[in-house]
Amino acid sequence: MDRPLIGITTDTHPRPDHYESPIAYARAVEAAGGLAVLLPYHADLSLVPQYARRLDGMVFSGGNDLNPQHYGQTFHPKAIPIDPARERFELALLAEVERLRVPILGICLGAQLMNIHRGGSLLQFLPDVPRHPQLEHRKLGETAPRHKVDLDPASQLGRWLNKREIDANSSHKQAVDRPGRGLRIIATAPDGVIEGMEDPDYPLFMAVQWHPERLHDEPDHLSIFRLLVERAAGRKAGNRP
Ligand SMILES: [Mn+2]
């Protein structure tokens, strides 16, 4: 039987005339049993529904900072703005795959995008936000810091992993502030930073702030991709017997 087809968003940072995608995303999808395909975002937006219809699952990947005008702010001085063309394509694609109830995993920027799409807001620069303890969530040296993340045992991820916590890597300066419509917080760092959300009324609309793709040789993190692929396979079997 054919594997479920899992779309992965791309970037053009730092070379504007080349698509870029960290290899780990496609490798993690493949290791989890999916068939990975990278999506070019300099696309005619009228083609977005065709992309969405062909996909069985979707990974919204990491990247730079969304335009904060979505939640009534201007860019923080430390912001690295995302390519506006990427932002436009991803918001259009997200709306369409959501409409078709395609299973979705958002990672880092992907989590922020899913929150903005649902009308939520972001913390633009975590070091500005007083917290106790003040964990470092950014990757400042060669290695990303790791921190514990508490999981909601009633969430899809908590039930799938059958765990109440996971040891996550951390490579972000932004995080969800106010969760958007229908989104529930499912994962939290010890300093209260939101590390994961889901829409419990959707087949899989789940986002994590850490980078499980970079840790897919660890069973817990590979399992996050397995959850996506399992839901995508279920949808594929139901739609196209
Ligand atoms: Mn973190």
Side-chain angles (χ1 to χ4, degrees), residues 8-9 11 13 22 24-25 28 59-66 68 71 73 75-82 104-118 120-153 155-158 160-161 163-180 183-199 205-225 227-228:
I8 301 170
T9 55
D11 207 334
H13 183 86
Y25 287 108
V59 174
F60 286 90
S61 65
N64 294 324
D65 304 329
L66 294 163
Y71 47 96
Q73 295 180 18
F75 275 113
H76 188 279
K78 302 266 191 191
I80 305 173
I82 189 173
I104 300 166
L105 170 63
I107 294 175
C108 200
L109 163 67
Q112 295 154 13
L113 182 90
M114 289 160 75
N115 192 49
I116 291 305
H117 166 68
R118 290 289 187 91
S121 67
L122 303 178
L123 298 169
Q124 286 202 58
F125 193 62
L126 281 173
D128 288 352
V129 181
R131 306 174 319 275
H132 302 284
Q134 187 103 6
L135 291 185
E136 179 56 68
H137 290 263
R138 294 170 296 168
K139 180 185 171 191
L140 296 173
E142 284 299 297
T143 315
R146 294 185 73 144
H147 59 68
K148 183 171 80 84
V149 168
D150 288 316
L151 297 176
D152 176 352
S155 65
Q156 291 192 68
L157 184 59
W160 177 259
L161 294 175
K163 294 205 165 173
R164 286 174 174 269
E165 65 174 62
I166 191 167
D167 178 38
N169 54 354
S170 198
S171 185
H172 59 109
K173 66 177 185 295
Q174 298 199 336
V176 168
D177 185 4
R178 185 186 70 250
L183 296 178
R184 191 172 73 169
I185 297 165
I186 62 163
T188 314
D191 58 357
V193 167
I194 295 172
E195 292 275 345
M197 298 179 309
E198 71 173 6
D199 180 342
F205 191 99
M206 182 176 81
V208 297
Q209 188 57 66
W210 69 95
H211 284 276
E213 79 284 2
R214 297 180 192 164
L215 301 176
H216 72 268
D217 56 345
E218 298 180 23
D220 285 349
H221 297 283
L222 177 60
S223 242
I224 295 171
F225 287 90
L227 173 57
L228 171 67

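Both counts, for ligands and for their atoms, begin at 1 and track the order of listing. Positions are given from 1, in the same order as the sequence printed here.
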Legend entry - Contacts of type side chain to side chain donor-acceptor pair (under 3.5 Å), residue Q112, not counting sequence neighbours: Q209

Legend entry - ring-ring contact (aromatic ring centres under 6.0 Å, His included) against H211, all qualifying residues, sequence neighbours excluded: none

Inset, instruction - Decide if the gap between the ring center of H172 and the ring center of H137 is smaller than 6.0 angstrom. - result: yes

Legend entry - Within residues 169-180 or reaching into it, pairs that qualify as salt bridge (charged side-chain N to carboxylate O under 4.0 Å, His left out) - sequence neighbours excluded: D65-K173

Inset, instruction - Answer yes or no: is there a donor N or O on one side and an acceptor on the other, between the side chain of Q174 and the main chain of F125, under 3.5 Å? - result: no

Legend entry - pair T9-V59: side-chain heavy atoms closer than 4.5 Å: no

Inset, instruction - Take the Mn ion (ligand 1) and tell me which protein N, O or S atoms are nearer than 2.8 Å. - result: H137 ND1, H147 NE2, S170 OG, H172 NE2, E195 OE2

